[in-house]
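A short worksheet on the structure shown next.
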Amino acid sequence: MNGVRILLADDHLLLLEALKKLIESAYRVVGTATDGRALLSSAEQLHPDIIIADINMPRLNGLEACERLAKTSPEIKIIFLTVNEDPDTAEEAIRRGASGYLLKKAAAPELFKAIQTVSRGGIYISPLISREPTSVFVSRAKSHSHQEPLTARQREVLQLLAEGKSMKEAADILNITPRTIAFHKYAMMDHLGITRNSELVRYATASGLCRNAVRTAA
């Protein structure tokens with residue numbers, strides 16, 4: 001068995017278990033997580049070499065988690081395994097610090113190829129996303145500056161509210177006060193020119209912050 005230590009993160013439990021069984025045939029799976037915040041906590045405790053994660057996860061999406069880990073634990077490599085076939089999203093993943101991007105419909109050999117490439121310090125982009133040389137794709141991704149209209153904290157707050165959390169629940173998760181949550185919410189609405197909660201939720205969904213948004217943000 002290869003000595004590479006892998007942490008898995010996906011909110012679909014059946015897929016997570018199937019993925020774990022598949023990867024354990026060749027690598028050591030040190031843990032699993034079902035949301036972005038659990039992923040950050042597990043990464044801190046388990047010190048994996050590679051994380052294989054979905055992008056759309058509750059409480060904190062994969063892109064946000066990736067960006068944090070790239071800053072706090074740059075030695076950990078991240079491979080996104082997702083249904084999202086949008087090349088722009090793949091570019092954003094690279095900008096956030098990911099080392100791999102492939103689709104859930106990929107065959108097992110491609111997943112193992114991605115793990116092998118990343119474990120050796122390379123970057124893997126599925127040919128289903130781009131057929132150009134990886135170096136060209138990565139260079140373009142990193143050269144495209146993308147100015148986020150919201151701060152990292154505002155994106156955290158927005159995802160939680162869009163998922164249906166109350167201000168108190170979001171405050172408890174982020175370890176801040178409900179008053180601070182309210183401040184961030186109305187600052188976002190003002191900055192984005194949004195006047196209704198439903199518009200804020202639509203913005204969160206359109207921005208890819210969450211998959212299962214509710215109709216109103218608390």
Worksheet item: If every non-hydrogen atom of Phe80 is compared with every non-hydrogen atom of Cys66, which pair is closest and at what distance?
Response: CZ-CB, 3.6 Å
Worksheet item: So, do Lys185 and Met189 sit near enough that their side-chain heavy atoms are less than 4.5 Å apart?
Response: yes
Worksheet entry | Carboxylate-amine/guanidinium proximity below 4.0 Å for Lys165 and Asp172 | no
Discussion item. Do Tyr186 and Leu160 sit in one hydrophobic cluster, given that two such residues count as connected whenever their side-chain heavy atoms are within less than 4.5 Å of each other, even indirectly?
Written reply: yes
Discussion item. Has Thr117 got a side-chain atom pairing as donor or acceptor with Lys113's backbone, closer than 3.5 angstrom?
Written reply: yes
Discussion item. How long is the straight-line distance from OH of Tyr101 back to CD1 of Ile79, given to the nearest 0.5 Å?
Written reply: 13.5 Å
Item to complete: Flag the pair Leu174 / His184 as yes when at least one side-chain heavy-atom distance between them is below 4.5 Å, and no otherwise.
Response: no
Practice prompt. Group every Ile, Leu, Val, Met, Phe, Trp and Tyr by side-chain heavy-atom contacts under 4.5 Å, then state whether Ile55 and Leu128 land in the same group.
Written response: yes
Fill in: NZ/NE/NH1/NH2 to OD/OE distance under 4.0 Å, Arg95 and Glu92
yes
Worksheet item: Between Arg120 and Gln116, is a side chain to side chain contact (heavy atoms under 4.5 Å, CB included) present by the stated rule, with each step listed?
Response: CA-CA 6 Å; Arg120 292 176 175 175; Gln116 185 179 60; 3.3 Å; yes
Discussion item. Return the CG to CG distance between Leu81 and Leu111, rounded to the nearest 0.5 Å.
Written reply: 6.0 Å
Worksheet item: Is Glu199 reaching over with its side chain to a backbone N or O of Arg196, donor-acceptor style, under 3.5 angstrom?
Response: yes
Discussion item. Could you report the tightest heavy-atom contact between Ala204 and Leu158, atom names first, then the distance?
Written reply: CB-CG, 3.8 Å
Worksheet item: For Glu44, what residues pass the salt bridge (Lys or Arg N to Asp or Glu O under 4.0 Å) criterion, not counting sequence neighbours?
Response: none
Discussion item. As a quick check of understanding, evaluate side chain to side chain contact (heavy atoms under 4.5 Å, CB included) for Ser119 and Tyr27, giving each step before the final call.
Written reply: CA-CA 11 Å; Ser119 69; Tyr27 297 94; 5.5 Å; no
Practice prompt. With the side chain counted from C-beta on, respond yes when Thr32 and Leu19 share a heavy-atom pair under 4.5 Å apart, and no when they do not.
Written response: no
Worksheet item: Within the distance-only criterion (no hydrogens, no angle test), does the side chain of Ser25 pair as donor or acceptor with the backbone N or O of Leu22 below 3.5 angstrom?
Response: yes
Practice prompt. Give the cluster check for Leu102 versus Val136: same hydrophobic cluster or not, with ILVMFWY residues linked at side-chain heavy-atom distances below 4.5 Å.
Written response: no
Practice prompt. Provide the closest heavy-atom pair for Gly97 versus Ala70 in the form atom of the first, atom of the second, distance.
Written response: CA-CB, 4.2 Å
Response to the item:
Closest heavy-atom pair, Ala182 versus Met167, reported as atoms and distance to 0.1 Å, is CB-SD, 3.7 Å
Worksheet entry | Positive for side chain to side chain contact (heavy atoms under 4.5 Å, CB included) with Ile94, one of Thr134, Thr89, Ile125 | Ile125
Worksheet item: Taking the side chain as C-beta and beyond, is there a heavy-atom pair between Leu150 and Tyr203 under 4.5 Å?
Response: yes
Discussion item. Within this structure, what is the OG1-CD distance for the pair Thr72 and Glu67, rounded to the nearest 0.5 Å?
Written reply: 11.0 Å
Discussion item. I'd like to know whether Ile78 forms a side chain to side chain contact (heavy atoms under 4.5 Å, CB included) with Arg96, so could you lay out the CA-CA distance, the side-chain angles of the two residues, the decisive distance to 0.1 Å, and finally the verdict.
Written reply: CA-CA 10 Å; Ile78 300 171; Arg96 299 282 186 109; over 6 Å; no
Worksheet entry | Side-chain touch Leu69/Leu40, heavy atoms, less than 4.5 angstrom | yes
Worksheet entry | Nearest-0.5 Å distance, NZ of residue Lys168 to CD1 of residue Ile181 | 11.5 Å
Worksheet item: Under the 3.5 angstrom rule, does the side chain of Arg59 hit a backbone N or O of Ala38 as a donor-acceptor pair?
Response: no
Fill in: Ile6 side, atom CD1; Leu46 side, atom CG - distance, nearest 0.5 Å
13.0 Å
Fill in: Leu39 and Leu60, any side-chain heavy atoms less than 4.5 Å apart
no
Worksheet item: Closest approach of Ser42 and Ala33, non-hydrogen atoms and distance?
Response: OG-CB, 4.3 Å
Worksheet entry | Minimum heavy-atom distance Gly164-Glu169, with the two atoms named | O-OE1, 4.2 Å
Discussion item. Quick check against the 3.5 Å criterion: does Asn61 have a side-chain atom that pairs as donor or acceptor with the backbone of Glu64?
Written reply: yes
Worksheet entry | Any donor-acceptor N/O pair, Asp49 side chain to Arg5 backbone, under 3.5 Å | yes
Worksheet, complete the sentence: CG of Leu209 to CD of Gln154, rounded to nearest 0.5 Å, is 11.0 Å
Practice prompt. Taking salt bridge (Lys or Arg N to Asp or Glu O under 4.0 Å) as the test, write out the residues that go with Arg153, two or more places apart.
Written response: Glu156
